[in-house]
Amino acid sequence: MKRKSLFALSAVVVVAAAALVPVLWSGGDNLHNGSAMAATPADQAALIKKGEYLARAGDCIACHTVRGGKQFAGGLPMATPFGTMFTPNITPDDQYGIGKWTQDDFYRAMHTGRSKDGSLLYPGFPFTSYTKVTRADSDAIYAYLRSVTPVNVPSRPHELKFPFNQRNMLIGWRTLFFREGEYKADPTKSVEWNRGAYLIEGLGHCGMCHTSINAMGGPVSSAAFAGGLIPLQNWYAPSLTSNKEAGLGDWETKDIADLLKTGVSNRGAVFGPMAEVVHNSLQYMSDEDINAMATYLKTIPQKSEAPEPLQLETSEKFGGELLKQGQKIYADNCAKCHADNGLGMPPAFPPLANNQSIQMPSAVNPIRMVLNGGYPPSTDANPHPYGMPPFAQALSNTEVAAVVTYIRMSWGNHGTAVSPQQVSDLRSAPLD
C-alpha cells in the first residue's frame, strides 16, 4: 500500500480559499466610468433582473451566504492547513458591505482581482475567470447586489498563519497565472458555442474545480478541465477531457443539458459540490444558456488519459479478497436500487455499470457516497430526487472498501481496488 505525494494538495489551499474583502478606496480611478443606473425605473428593474440572473450564473450565493444565514452576508468559513478564511459581506451595507463601492470598484475586483483600495485579492475569489465578464454584465450584477437587503454584519478577518497572511506575496502568483482580459468571441464558432464558452470560462468559473493545480497553487494550462481534487470539500472534480472520467465527447447534448439543468440524466446524476452548483445556480438558467453550455462542453477536446490522481493503492491479493467480500455487501445493500447487473433504474437510480465516475482512477467520490450518502439537487424539473442513504454507521472501513472495490471492478468496469485506509481518511473528512 502506498500514498502518492500530498505536497501539491497542501500547497494549493492557501490560494484557493479567500474572497472579496471590501475596504475604502483612497486612490484615483482610471477605469471606464460607466453607469449601472438605468434611465427609467422600468429600465432599472430590468437591469436588476438581469444582474440577478448573472449572479445566479456566477453562483455568488454559494460562497457569500452561510447556510441558514442572511443572503450575501458572508461569513462562510474555509478551513485550510494555513488557517481559516471567511467570505465577506457583499450586501449594500455602508459600514460592513459594499454600500460605498462604486460600479468601477466592483468592476476592478471582477476584472483585475483588486479590492476597492487596490489591494490584491486571493484567487479563491475567481477573478481569473471573472476577468472575462463584460463590463455591461459586471454593472448588472453590481446593480442587483445594490438592490438586496443590507446586512449590518462585519466580515470576519481571515485567521491565517504568517507568511500566508501577507497579500503582497500574490504578486508573483499573478505574474505566473493571471491574464487580465474580457472574453473574445471565436469567429469560427457559432453564436451558441461562444455563449457557452463565455458562461463556462467566465461567470461559471468551471475550471476552478475541473482543472489540475500545480505545486504553486496555479492552474496547469495544459490540463484545462482535466480534473482535480477539491481540497476544501474532499471531493474529486472529474476530468471533462477524458472519457475514462467525465469526458463528454460521447454524450448526447441533451444528456449534458439535462444533467446541468436538473441534476439527473439517463447517463447519471450529480452529487456533492456539483449538486450545490445545480441547486444554487444552473437550474435557474434559461434553456438557451444551458444548451449553449452543453454545446461548448461537448466540444472540449478529449484526451486518451486522465490526470494521475492522489490515490491509495492495495495489493492484488487483498484487492481480490475485497472484491469477493464486496459482492455479498452489494447484494444485501445496493442491488435493490442499482440492480444485480448494475444497470440501475435511471434517472432515479443511476447506473453503476459502465459509469465513468465509478471506475475512474480516483475512488474518492464513490467512497464518499457510500459513507455519507446524499441527494441529487432538488430542482423545478426534479423536485423530489431519490437519495442515497449513508452507510458510515453500518459498514466498517474494510466493508466500505470491499463494496466500492466490487462496483469498480464488476459488469465490465475497469476500476481498481481501494484501500480501507483511504476509507478511514475520508470518513474523518469534513462533509463539505
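Along the sequence shown, residues carry numbers from 1.
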Identify the two heavy atoms, one from [X] and one from [Y], that lie closest to each other, and give their separation to 0.1 Å.
X    : Y    : result
S419 : A401 : C-CB, 4.0 Å
P376 : G263 : CB-O, 4.3 Å
Q283 : T379 : OE1-CA, 3.2 Å
N280 : A62  : ND2-CB, 4.1 Å
M285 : A57  : CE-CB, 3.9 Å

Query raised in the report: Taking the six-membered ring for Trp, are the ring centroids of F178 and F127 within less than 6.0 Å of each other?
Result: yes
Pairing of [X] and [Y] as salt bridge, 4.0 angstrom limit:
X    : Y    : result
K100 : D94  : no
D137 : K50  : yes
K132 : E201 : yes
E159 : R156 : yes
R135 : D139 : yes

Query - ring-ring contact (aromatic ring centres under 6.0 Å, His included) between Y130 and H205, worked out - result: CA-CA 7 Å; Y130 287 171; H205 58 283; 5.4 Å; yes
When you measure from the side chain of [X] to the backbone N and O of [Y], does any donor-acceptor pair fall under 3.5 Å?
X    : Y    : result
T91  : V151 : yes
N413 : L352 : yes
R408 : M360 : yes
H338 : P350 : yes

Requested in this report: Could you give me the CA-CA distance, side-chain angles and deciding distance for D104 and T102, then say whether side chain to side chain donor-acceptor pair (under 3.5 Å) is met?
Outcome: CA-CA 5 Å; D104 286 345; T102 68; 4.9 Å; no
**Report entry** Derivation and outcome, ring-ring contact (aromatic ring centres under 6.0 Å, His included), residues Y144 and Y53
**Finding:** CA-CA 9 Å; Y144 166 64; Y53 179 85; over 10 Å; no
Quick check on [X]: does its [atom1] atom have over 12 non-hydrogen neighbours (other residues, nucleotides or ligands) under 6.0 Å away?
X    : atom1 : value
D380 : CG    : no
E182 : CD    : yes
Y183 : OH    : yes
N152 : CG    : yes

Requested in this report: Step by step, work out the side chain to side chain donor-acceptor pair (under 3.5 Å) result for D43 and T40.
Outcome: CA-CA 5 Å; D43 290 340; T40 68; 3.2 Å; yes
Query raised in the report: Side chains of L260 and L297: closer than 4.5 Å at any heavy-atom pair?
Result: yes
Requested in this report: Check whether any side-chain heavy atom of M388 sits under 4.5 Å from a side-chain heavy atom of N372, and report yes or no.
Outcome: no
**Report entry** Within 45° cone of Y122 ring axis and under 6.0 Å: R167 NZ or CZ
**Finding:** no
**Report entry** Q359 side chain to N355 side chain, donor-acceptor N/O pair below 3.5 angstrom
**Finding:** no
Query raised in the report: Do N397 and R427 get their side chains close enough for a donor-acceptor pair, meaning under 3.5 Å?
Result: yes
